[in-house]
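What follows is a single structure, written as structure tokens, with notes after it.
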Amino acid sequence: MFLNLLCIGGARPNFMKLAPLVHALGADPDFSVLIVHTGQHYDDQMSGMFFRDLEIPRPDFHLGVGSGSHATQTAEIMKRVEPVMLETCPDAIIVVGDVNSTLAAALVAAKLGIPVVHIESGLRSFDRSMPEEINRIVTDALSSLHFVTEPSAFRNLLAEGVPAESIRYVGNLMIDSLYRKLSSAREAGTRQRLGISAAPFALLTLHRPSNVDDPCKLRDILYVLAEISQTLPVYFPVHPRTREAIKRDGLLPGADIHFLEPLGYLDFLCLMSQSALVLTDSGGIQEETTALGVPCLTLRDTTERPITIEQGSNTLAGTTRESILNAWKHHQKGPKVGRIPPLWDGRAAERCREVLKSIDLRGLVHCPSDLVKLVSDRGTPVS
Ligand code: UD1
């Protein structure tokens, strides 16, 4: 059966998950794929560079929403994506991850009776102070088909009453991108270009609101990382949210922490693959380091990706001086060695495509309504 799909993304961590899927579906005559970029992230360093590095086709629709409070941003995406769905009448929409764009698009589609396919479904930190956790729970409740990356996600969805037949363990699309781009990343000459002569070195990312929005918390974290940097130099591509916080609060920890501009996909992958240790509060980087076998200390108290701890090279280091130093000391005694989780093999996009071919998406819609009728009731032309 031929399927018209709308793939929707908007923030940096969406793009490496969308890329392999768009490529796999785009090469198959059974699919027509349109790309919507919400514009949640808009700087070239947060968006354009990723489209180029990952060779994602130019979006068919760019909504240009920009930044705002959660309510403003989510509402603006909803307002701007609804006419696109009405105009294109897709058989389903595909949303990825847990950002505001994911939630907003899922809400609009579900109310139009369009099936929602959620990539990276079912992950749970069980910490509702994370905006992403709310986005995950609501998106999953509205989705008709759930593609999961690890067994915990399968269990979480079942516990929330999601029917087993709508859940498919396909592997990890982000790791598809990683395998596809690793050799070009290694040849990108990133260290020479950025003047990183230190070896070994650590790579740091920090952007979670709970870590960077509170000046005391951010200062504590940066100062303990400065201590670590005296043994292992730390390179830190700074997210715009964090850059603002550092500027606002005049935080310059000194020592051997080297601030960098945000990096594109290939440059970041190059540094990650060559680093002795990654320190991060990101979700996706916990998975990428596990795939690369690089030890990762996650500067959080919880993770929605427990497989990276159970099987991978990730350790939860917490966010206090004491907990981070403990984890660091432990790492110094012997870096954690992990293994690559099942189905993180670079073929997740193919599996997604085969599931999409085999499944009756309309039969899975939780709350069907008639999009065509809704469109004609409003007098919007159906193309
Ligand atoms: C968002 C996601 C988060 C994800 C992160 C990756 C939500 C709720 N959060 O957080 O899950 O891990 O992206 O980066 O969706 N800004 C720029 N340029 C840009 C984009 C943002 O300067 O291109 C600045 C703006 O000042 C903005 C701030 O960064 O206010 C935060 O951006 P926003 O998209 O609201 O959240 P992130 O922290 O990026």
Side-chain angles (χ1 to χ4, degrees), residues 8-18 36-54 59 62-78 80-81 95-107 118-121 123-125 127-140 174 177 204-214 217-218 236-249 259-265 268 272 278 280-288 296 298-300 302-305:
I8 300 170
R12 184 169 63 174
N14 292 160
F15 307 135
M16 43 292 245
K17 297 160 201 167
L18 277 178
V36 180
H37 189 321
T38 66
Q40 176 173 346
H41 284 173
Y42 41 87
D43 287 346
D44 192 57
Q45 291 168 317
M46 301 294 284
S47 171
M49 274 201 300
F50 286 80
F51 272 71
R52 292 192 294 279
D53 282 357
L54 293 159
H62 201 301
L63 308 182
V65 296
S67 299
S69 69
H70 284 276
T72 305
Q73 191 174 59
T74 307
E76 206 51 54
I77 298 167
M78 290 176 71
R80 296 186 195 196
V81 82
V95 292
V96 293
D98 54 16
V99 302
N100 287 343
S101 301
T102 314
L103 166 71
L107 261 168
H118 186 199
I119 305 282
E120 200 185 85
S121 180
L123 297 178
R124 295 289 180 270
S125 65
D127 173 4
R128 289 203 188 188
S129 69
M130 285 179 80
E132 294 82 2
E133 182 74 353
I134 296 169
N135 293 346
R136 292 179 198 118
I137 293 168
V138 179
T139 303
D140 283 337
M174 199 175 48
S177 282
L204 166 67
T205 80
L206 209 56
H207 76 282
R208 217 147 274 296
S210 57
N211 280 342
V212 308
D213 286 358
D214 169 4
K217 187 72 173 278
L218 180 58
F236 181 18
V238 188
H239 184 283
R241 173 191 283 280
T242 315
R243 182 184 59 212
E244 281 309 304
I246 288 174
K247 210 161 83 185
R248 184 190 60 219
D249 305 321
F259 291 82
L260 305 172
E261 290 297 311
L263 299 173
Y265 184 74
F268 189 78
M272 195 164 41
V278 170
T280 190
D281 61 4
S282 152
I285 293 171
Q286 297 172 58
E287 296 182 342
E288 290 170 329
C296 176
T298 294
L299 306 168
R300 291 172 46 187
T302 59
T303 180
E304 60 289 334
R305 294 162 161 90

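Just so you know, ligand 1 is whichever comes first in the structure, and atom 1 is the first atom listed for that ligand. Values below: every heavy atom of this structure, side chains too, minus hydrogens, waters and symmetry copies.
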Inventory of protein N or O atoms under 3.5 Å from ligand 1 N or O:
residue  : atom   : partner : partner atom : Å
ligand 1 : 11 (O) : Glu132  : OE2          : 2.5
ligand 1 : 12 (O) : His207  : NE2          : 2.8
ligand 1 : 13 (O) : His41   : NE2          : 3.3
ligand 1 : 14 (O) : His239  : NE2          : 3.0
ligand 1 : 15 (O) : Gln40   : NE2          : 2.8
ligand 1 : 15 (O) : Asn100  : N            : 2.8
ligand 1 : 16 (N) : Tyr42   : OH           : 3.4
ligand 1 : 18 (N) : Asp43   : OD2          : 2.9
ligand 1 : 22 (O) : Asp43   : OD2          : 3.4
ligand 1 : 23 (O) : Tyr42   : N            : 2.9
ligand 1 : 23 (O) : Asp43   : N            : 2.9
ligand 1 : 34 (O) : Gln40   : NE2          : 3.4
ligand 1 : 34 (O) : His41   : NE2          : 3.2
ligand 1 : 38 (O) : Arg241  : NE           : 2.7
ligand 1 : 38 (O) : Arg241  : NH2          : 3.4
ligand 1 : 39 (O) : His41   : NE2          : 2.8
ligand 1 : 39 (O) : His239  : NE2          : 3.0

query = So does Arg128 have more than 12 non-hydrogen atoms from other groups sitting under 6.0 Å from CZ?
reply = no
inquiry  = Quick check: do Arg12 and His239 have side-chain heavy atoms less than 4.5 Å from each other?
reply    = yes
Pairs touching residues 42-51 that satisfy salt bridge (charged side-chain N to carboxylate O under 4.0 Å, His left out), sequence neighbours left out = Asp44-Arg52
query = Excluding sequence neighbours, so at least two apart, what forms side-chain hydrogen bond (donor to acceptor under 3.5 Å, both in side chains) with His70?
reply = Asn100
ask   = How are the rings of Phe236 and Phe259 set relative to one another: parallel (under 30°), tilted (30 to 60°) or perpendicular (over 60°)?
value = tilted
ask   = Quick one: salt bridge (Lys or Arg N to Asp or Glu O under 4.0 Å) partners of Glu76, sequence neighbours excluded?
value = Lys79, Arg80
